[in-house]
Amino acid sequence: MERSLVLVKPDAMERELAGAIIARLQKLGLKLVAMKMLHADKALARKHYAVHKDKPFYGDLVNYITSAPIVACVFEGKNAVETIRKAMGATDPAKAEKGTIRGDYGESLERNSVHGSDSPDNAEIEINLFFSPEEIFGY
């Protein structure tokens, strides 16, 4: 079984979409094995977005993800990363298909409602940033 981190971002939280986003992923047969609401600090945000640290939008990403509470989730299932990426749609909501999370809920490239790990290796790194092993449950 594969795991992936999903973050319900500040714009989705402001519009009370966390439940709808999580439900969509559960309906795909993925199991929710960890979840918590938090207000990420700058240190956590910098670690999470470290891959983008040399890009001009890095500071905006860090400021955005720390601007309001988020919901962090771990989903588990067969091909979880690919399944979630497909369900989220293109990073830019203007290019995302209707019926995808970003196509339906995203407002802009920055305010695109949701983050999902882009590979199984990155999923493991990201999950470990947000959760301790004791916070992840199997059933």
Side-chain angles (χ1 to χ4, degrees):
M1 283 294 146
E2 190 172 88
R3 288 181 173 166
S4 180
L5 179 77
V6 171
L7 301 178
V8 179
K9 293 181 176 181
D11 67 283
M13 294 297 291
E14 290 166 5
R15 293 177 289 138
E16 300 179 351
L17 296 171
I21 291 169
I22 293 164
R24 280 191 184 203
L25 298 173
Q26 288 180 302
K27 286 178 184 173
L28 297 174
L30 298 170
K31 291 183 181 178
L32 180 61
V33 296
M35 180 172 73
K36 64 180 160 185
M37 185 172 161
L38 68 143
H39 199 140
D41 61 22
K42 300 270 186 192
L44 176 58
R46 286 186 193 105
K47 288 177 190 172
H48 178 66
Y49 287 122
V51 68
H52 299 300
K53 69 181 176 195
D54 295 328
K55 297 180 180 161
F57 54 83
Y58 173 72
D60 291 337
L61 281 176
V62 169
N63 289 333
Y64 169 64
I65 203 72
T66 60
S67 67
I70 61 174
V71 172
C73 305
V74 178
F75 282 93
E76 182 178 86
K78 186 176 181 183
N79 300 317
V81 170
E82 180 183 340
T83 300
I84 291 167
R85 301 290 296 174
K86 195 176 292 186
M88 289 190 315
T91 304
D92 183 349
K95 297 177 183 172
E97 292 181 33
K98 287 292 178 199
T100 64
I101 294 167
R102 290 174 175 153
D104 292 347
Y105 301 134
E107 298 177 321
S108 67
L109 189 56
E110 181 180 83
R111 295 174 56 88
N112 63 10
S113 300
V114 67
H115 164 83
S117 302
D118 64 1
S119 71
D121 289 340
N122 282 341
E124 185 175 346
I125 292 165
E126 292 177 348
I127 289 167
N128 289 329
L129 282 175
F130 286 88
F131 293 92
S132 68
E134 298 79 30
E135 293 176 302
I136 301 172
F137 301 92
Y139 52 91

Pair Leu32-Leu25, side-chain contact (heavy atoms from CB on, under 4.5 Å): steps then yes or no: CA-CA 9 Å; Leu32 180 61; Leu25 298 173; over 6 Å; no

Exceeds 12 heavy-atom contacts within 6.0 angstrom, atom NZ of Lys95: no

Straight-line distance of Met13 CE to Leu7 CG, nearest 0.5 Å: 11.0 Å

Nearest heavy-atom neighbours spanning Ser4 and Gly116: OG-C, 4.5 Å

Ion pair Lys36/Glu135, N-O distance below 4.0 Å: yes

Nearest-0.5 Å distance, OG of residue Ser117 to CD of residue Glu124: 10.5 Å

Reported CD1-to-CG distance for the pair Ile84 and Asp118, which is rounded to 0.5 angstrom: 12.0 Å

Smallest separation among heavy atoms of Cys73 and Ile22, with atom names: SG-CD1, 3.9 Å

Non-hydrogen atoms of Gly77 and Leu30 that approach each other most closely: CA-CD2, 4.0 Å

Backbone of Gly103 reached by a side-chain donor or acceptor of Glu97 within 3.5 Å: no

Same apolar cluster: Met1 and Ile127, side chain cutoff 4.5 Å: no

Greater than 12 external heavy atoms within 6.0 Å of Lys47's NZ: no

Ile125 with Leu5, same ILVMFWY side-chain cluster at under 4.5 Å: no

Over all atoms of both residues, closest heavy-atom pair of Tyr49 and Tyr58: O-CE1, 3.4 Å

With His48 via side-chain hydrogen bond (donor to acceptor under 3.5 Å, both in side chains) - residues at least two apart: none

Side-chain donor-acceptor contact under 3.5 Å, Ser108 with Glu110: no

Pair listing, salt bridge (Lys or Arg N to Asp or Glu O under 4.0 Å) test, anchored in residues 14-27, at least two apart: Asp11-Arg15, Glu14-Arg111, Arg15-Glu107, Arg24-Asp104

Rounded distance (nearest 0.5 Å) linking atom OH of Tyr64 with atom CZ of Phe57: 14.5 Å

Gap between atom NZ of Lys42 and atom OG1 of Thr66 - 0.5 Å precision: 3.5 Å

Pairwise side-chain contact, Tyr105 with Thr100, heavy-atom cut-off 4.5 Å (strictly under): no

Connected via hydrophobic side-chain network under 4.5 Å: Met88 and Val51: no

Sequence-distant partners of His39, ring-ring contact (aromatic ring centres under 6.0 Å, His included), two or more places apart: none

Val8 and Ile70, any side-chain heavy atoms less than 4.5 Å apart: no

Within-4.5 Å side-chain heavy-atom neighbours: His52 and Leu61: yes

Lys31 NZ/CZ over Phe75 ring centroid, <6.0 Å and within 45° of normal: no

side-chain contact (heavy atoms from CB on, under 4.5 Å) assessment of Leu44 paired with Asp41: CA-CA 6 Å; Leu44 176 58; Asp41 61 22; 3.3 Å; yes

Side chains of Ile136 and Arg3 in contact at under 4.5 Å (non-hydrogen atoms): yes

Under 3.5 Å: donor-acceptor pair, side chain of Asn79, backbone of Glu82: no

Any side-chain heavy-atom pair of Lys53 and Arg46 under 4.5 Å: no

Main-chain N/O of Thr91 paired to Asn112 side chain as donor or acceptor, under 3.5 Å: yes

Flag, side chain of Ser113 to backbone of Arg102, donor-acceptor distance under 3.5 Å: no

Interatomic distance, Leu28 atom CG to Thr83 atom OG1 [nearest 0.5 angstrom]: 7.0 Å

Shared hydrophobic cluster for Leu38 and Val62 (ILVMFWY, side-chain gaps under 4.5 Å): yes

Heavy-atom closest pair, residues Ala40 and Ile65: CB-O, 4.3 Å

